[in-house]
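Contents: one structure, followed by commentary.
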There are 2 protein chains.
Amino acid sequence: MAAVTERPAGLRERKKQQTREHISHQATRLFLERGFDNVTIAEVAAAAQVAKMTVTNYFPRKEDLALDLQEAYVQGPAVTVRERGPGESALSALHDSLLASVAAHDPVIGFSGPAFARMVAGSPALTGRLREFHDERERALARALAEETGTTAADIRPRVAAMQLGGVLRLLFEETQRRTLDGHPDEEIARAVTVQAGEAFALLEPALGGYAVR
Amino acid sequence: MAAVTERPAGLRERKKQQTREHISHQATRLFLERGFDNVTIAEVAAAAQVAKMTVTNYFPRKEDLALDLQEAYVQGPAVTVRERGPGESALSALHDSLLASVAAHDPVIGFSGPAFARMVAGSPALTGRLREFHDERERALARALAEETGTTAADIRPRVAAMQLGGVLRLLFEETQRRTLDGHPDEEIARAVTVQAGEAFALLEPALGGYAVR
DNA sequence: GACAAACTTAGGTCGAGTCTAAACTTATGT
DNA sequence: ACATAAGTTTAGACTCGACCTAAGTTTGTC
């Protein structure tokens, strides 16, 4: 049986990856300097020395030039739930995973630095895109919970659970961003958010502590 | 003391209101006929016999031409919580209010008819705007809960509660829309959603049954 | 080295959103 | 009733993101 995931990694693939990163890097630099809405795709293309069309080929939407955490952000919680150990609830798996990310100052949960936070907060297009990510994330989590608890597709239970769990993660993300905008250092934010995470997950405990225990 | 809310209702005000409704009516008609993304603002302006600029004066974003339920949608739950009777929890007030809206086939909670549901589902711009509404709604609800329980602004408790309560309302809205898209009659949908509402609110009962009791 | 496949490029179109200056309409003061 | 101020509508131009196409360039393969 051939390894399907193995990549030949030809010259073309490497060049594409390089071009993609080069464009993304130039774009991020410009966005942080001058704000997302004050930079046009044409300027990004000029800075990266490619055609406008090449930029939009790699990044169909302008927002994707600034937010390339999509995959990790959307799939993270669903993966955490699927990969948790035996005897563990979805709730505690997500709590543990979050605490680890907080301790590591993971950008995916909001530790993106003040400049990035300002860029996002200052652009309706970016906050809108972030909302889409939250939405997809909740749906991915709902699927993970539904397929595990083996209920029918119409059952609302896993969706309510995913809404609450994803919702708490979202609130803590927003909290991290807000404190970053206020100029607090990551260490201090990590301590505060750890406490808030404890409070928030404790509030879900009565409803979800016994749900989805493997 | 003069009644500040009283309006002179001059000719100018009346004409503006008329124009606004006329534009909105023509727009909705065109959108339902041909789909939101297949109608341009210029066409709406032509149908209403005004200048393009007049359309965008009244409706800064194109999506607002189709979604004029904003105010009721966003403020509804916060108002319900503020106006509930003594001894009642926020949870049960919202549950009761929702059941009444379901029984009345209220468009604001998703009973908008198949054509409207198709229009919304078929347009990323509209679903995105709806997400913004959900967001504002949750924040309005969080404010109502926070000012009542008298906690500090940094306290995460009311935000978690608003996330859970607003989230359930959102899930039930989506469920109503989904069933409408599937072609089921309102009566049947109302019965099914009433049951699901019971299940969903019951799931929040352990966490929120004793919270925000007036 | 030739050919096919994949990628990049220039140039154009469309539509939403914004701006401005001028025309028009309603309200107000004498 | 008239003049003038204040508010509204209008045409036209402009920017930008998104999409399309046809031609050109690079990479992979035989």
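Note on naming: letters A, B, ... go to the chains in the order of the sequence lines (proteins, then strands), and numbering restarts at 1 for each one.
At dT9(D), none of the side-chain N or O atoms of Thr54(B) fall inside 4.0 Å of OP1 or OP2 (strictly under the cut-off). The side chain of Lys15(A) places an N or O atom within less than 4.0 Å of a non-bridging phosphate oxygen (OP1 or OP2) of dT27(D).
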Name every donor-acceptor pair, under 3.5 Å, that has one atom in a side chain of residues 155-169 of chain A and the other anywhere in the protein, sequence neighbours excluded.
{"residue": "Asp155(A)", "atom": "OD1", "partner": "Arg157(A)", "partner atom": "N", "Å": "3.2"}
{"residue": "Asp155(A)", "atom": "OD2", "partner": "Thr151(A)", "partner atom": "OG1", "Å": "3.4"}
{"residue": "Arg159(A)", "atom": "NH1", "partner": "Glu175(B)", "partner atom": "OE1", "Å": "2.7"}
{"residue": "Arg159(A)", "atom": "NH2", "partner": "Ala154(A)", "partner atom": "O", "Å": "3.0"}
{"residue": "Arg159(A)", "atom": "NH2", "partner": "Asp155(A)", "partner atom": "O", "Å": "3.4"}
{"residue": "Gln164(A)", "atom": "OE1", "partner": "Gln164(B)", "partner atom": "NE2", "Å": "2.6"}

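Mapped onto DNA chain D by nearest heavy atom, Lys52(B) and Pro60(A) fall at different nucleotides, with Lys52(B) at the one closer to the 5' end. Nearer the 5' end of DNA chain D, as judged by each residue's closest nucleotide, is the contact made by Met53(B), out of Phe36(A) and Met53(B). Each of Ile41(B) and Tyr58(A) was matched to the nucleotide of DNA chain C holding its nearest heavy atom; the match closer to the 5' end belongs to Tyr58(A).
For an aromatic pair to be called close, the ring centres must be under 6.0 Å apart, and Phe116(B) with Phe31(B) fails this.
Backbone-only engagement by Val39(B) is indicated by non-hydrogen atom pairs under 4.0 Å involving sugar-phosphate atoms exclusively. Among the atoms of the strands shown, none is found under 4.0 Å from any heavy atom of Thr56(A).
Ring geometry for His95(A) versus Phe201(A): interplanar angle under 30°, hence parallel rather than tilted (30 to 60°).
In this structure, CD of Glu63(B) is placed 11 Å from C1' of dG17(C), rounded to the nearest angstrom. The distance between atom CG of Asn57(A) and atom P of dC19(D), rounded to the nearest whole Å, is 11 Å. The interatomic distance linking Gln18(B) (CD) with dT9(D) (C1') rounds to 15 Å, in whole Å. Following rounding to the nearest Å, Leu126(B) (CG) and dA16(C) (P) show an atom-to-atom distance of 12 Å. What separates CG of Asn38(B) from P of dA16(C) is a distance of 11 Å, to the nearest Å. Atoms CZ (Arg129(A)) and P (dG17(D)) sit 16 Å apart, rounded to a whole Å. What separates NZ of Lys16(A) from C1' of dT27(D) is a distance of 12 Å, to the nearest Å. Distance, Asp37(B) CG to dC14(C) C1': 13 Å, rounded to whole Å.
Without hydrogens or angle criteria, Thr149(B) side chain to Leu145(B) main chain gives a donor-acceptor distance under 3.5 Å. With hydrogens and angles disregarded, no donor-acceptor distance shorter than 3.5 Å links the side chain of Ser123(A) to the backbone of Met119(A).
Checking dG17(C), dA6(D), dT8(C) against the side-chain heavy atoms of Arg12(B) singles out dA6(D) as nearest.
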